[in-house]
There are 2 protein chains.
Amino acid sequence: MKKTIFVFSSLIVALLALFQLSKYSYTTGDLSIEIIIAAIAIIFLCLGIYLNKKSLHKTTPITTKVDYEKIEKLGISKREYEVLVEISKGLSNREIAEKLFVTESTIKTHVSNVLVKLNSKRRTQAIKKAKEYHILTS
Amino acid sequence: MKKTIFVFSSLIVALLALFQLSKYSYTTGDLSIEIIIAAIAIIFLCLGIYLNKKSLHKTTPITTKVDYEKIEKLGISKREYEVLVEISKGLSNREIAEKLFVTESTIKTHVSNVLVKLNSKRRTQAIKKAKEYHILTS
DNA sequence: TTGACATTCATACTAAAGTACTAAATCATT
DNA sequence: AATGATTTAGTACTTTAGTATGAATGTCAA
């Protein structure tokens with residue numbers, strides 16, 4: 001909000017400056033009106049893009065970020081989270097084991113722990129809940 | 001892409017028209033330069049907002065809609081899709097069976113068919129692929 | 001250094017998921 | 001009325017997932 005006010009203020013100043021410049025050039029003929037108009041057009045085009053980007057980011061976050069605090073709150077460890085990520089990619093326990101260079105048995109342990117911590121009965125349910133908690137990017 | 005070209009073209013025309021108008025007013029003094037500049041500023045502000053909204057919608061659709069054509073393309077039937085939706089909600093075969101008032105055996109058949117059609121080995125992989133295909137809302 | 005966790009792995013088991021068929025009833029379409 | 005696709009359901013089987021339990025190792029802070 002502070003930034004928006006700042007941007008607006010500085011643009012009003014810039015606009016006034018251009019008005020003065022246009023008046024000055026009107027009398028002296030140093031700068032052509034076309035150039036001034038073009039400059040104003042470009043400035044306001046950029047302003048429109050900037051303002052729109054701001055508002056869109058606020059209403060609908062485009063890049064859904066991972067809520068790491070929530071992961072901690074749920075007591076999910078670093079390794080358990082790694083496993084959860086691989087689960088959401090559709091990998092089997094064996095495939096995850098190969099990817100993380102551990103045995104399938106270890107993965108099973110991690111998966112069981114994750115299921116308890118996400119209060120889920122199945123890995124599919126865990127995926128769904130993890131996305132609801134913003135632990136996984138959908 | 002066609003729309004973008006059209007919008008750009010029409011705006012270049014509008015810009016040229018304004019240029020001519022500014023020249024006209026310069027000689028006759030009917031319209032003040034300030035008003036013309038203000039008009040240009042407003043037009044390009046709106047243009048910036050419009051273009052940005054367009055581009056953002058294209059790169060990252062805010063309301064992810066279901067691509068029903070893709071479902072057809074993949075040969076997934078109505079019932080199979082229903083099962084797929086329930087899978088993504090984290091339900092087990094038995095739970096899906098109860099929800100859809102059929103036997104678990106039937107659900108297994110549907111699941112198997114969906115897995116083949118989505119070229120997946122597991123239901124978790126099917127969920128991932130379905131979301132990539134915009135068949136399921138993430 | 002002792003305790004609390006995290007990570008690893010194992011065994012043994014149960015439950016669920018998935019495959020590969022077969023087959024019958026339904027339903028829309030030509 | 002015949003055809004093809006859908007939906008349903010079954011059996012028998014293999015594979016994967018998940019539980020329960022115990023135990024070894026490593027880490028890190030109190």
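Side chains included, hydrogens not; waters and symmetry mates left out as well; all remaining heavy atoms used.
Side-chain atoms of B:T103 and B:T106 include a donor-acceptor pair closer than 3.5 Å.
Atom CZ in B:F101 sits roughly 12 Å away from atom P in D:dT8 (whole-Å rounding).
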Using atom names, set out every protein N or O paired with an N or O of nucleotides 28-30 of chain D below 3.5 Å, distance rounded to 0.1 Å.
none

Between the protein and nucleotides 16-26 of chain D, which nitrogen or oxygen pairs come in under 3.5 angstrom?
| unit_1 | atom_1 | unit_2 | atom_2 | d |
| --- | --- | --- | --- | --- |
| D:dT16 | OP2 | A:R94 | NH1 | 3.3 |
| D:dA17 | OP2 | A:N93 | N | 3.1 |
| D:dG18 | OP1 | A:R123 | N | 2.8 |
| D:dG18 | OP2 | A:R123 | NE | 2.8 |
| D:dG18 | OP2 | A:R123 | NH2 | 3.3 |
| D:dG18 | N7 | A:K108 | NZ | 3.3 |
| D:dG18 | O6 | A:K108 | NZ | 2.7 |
| D:dT19 | OP2 | A:S112 | OG | 2.7 |

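Atom CD of B:E104 sits about 8.5 Å away from atom CD1 of B:I107, to the nearest 0.5 Å. Rounding to the nearest 0.5 angstrom, the gap separating the OG1 atom in B:T124 from the CZ atom in A:R122 is 13.0 Å. Here OG of B:S120 is found 9.5 Å from NZ of B:K128. Values are rounded to the nearest 0.5 Å. Between atom NZ of residue B:K131 and atom OG1 of residue B:T137 there is a gap of 7.5 Å, rounded to the nearest 0.5 Å.
Heavy-atom neighbours of A:K70 NZ from other residues, nucleotides or ligands within 6.0 Å: above the threshold of 12.
Non-hydrogen atoms lying under 4.0 Å from DNA chain C are contributed by A:S77, A:K78, A:R79, all within residues 74-84 of chain A.
Partner A:E86 forms a salt bridge (charged side-chain N to carboxylate O under 4.0 Å, His left out) with one of A:R79, A:R94, A:K99, A:R123 and no other, that one being A:K99.
You can see that DNA chain C meets the heavy atoms of chain B within a 4.0 Å-exclusive cut from C:dA16 to C:dT19, reading 5' to 3'.
Over its full length, the helix from C:dT1-D:dA30 to C:dT30-D:dA1 turns its helical axis through 50°, comparing axes from the five pairs at each end and rounding to 10°.
Hydrophobic cluster membership is shared by B:L74 and B:Y68, with clusters built from Ile, Leu, Val, Met, Phe, Trp and Tyr side chains linked at under 4.5 angstrom. Grouping the Ile, Leu, Val, Met, Phe, Trp and Tyr side chains by contacts below 4.5 angstrom, directly or via other members, places A:I127 with A:L91. Under the 4.5 Å side-chain heavy-atom criterion for ILVMFWY residues, no single connected hydrophobic cluster contains both A:I87 and B:L84. Under the 4.5 Å side-chain heavy-atom criterion for Ile, Leu, Val, Met, Phe, Trp and Tyr, B:L136 and B:V114 are members of the same hydrophobic cluster. A chain of hydrophobic side-chain contacts below 4.5 Å, direct or via other Ile, Leu, Val, Met, Phe, Trp or Tyr residues, connects A:Y133 to A:I76.
For the pair A:E82 and A:K78, the salt-bridge criterion is not met [side-chain N within less than 4.0 Å of a carboxylate O].
The backbone N or O of A:N119 lies less than 3.5 Å from a partner atom in the side chain of A:K129, making a donor-acceptor pair.
Within the 4.0 angstrom heavy-atom criterion, base atoms lie near B:T106.
B:K117 pairs by the salt bridge (Lys or Arg N to Asp or Glu O under 4.0 Å) definition with B:E80, not counting sequence neighbours.
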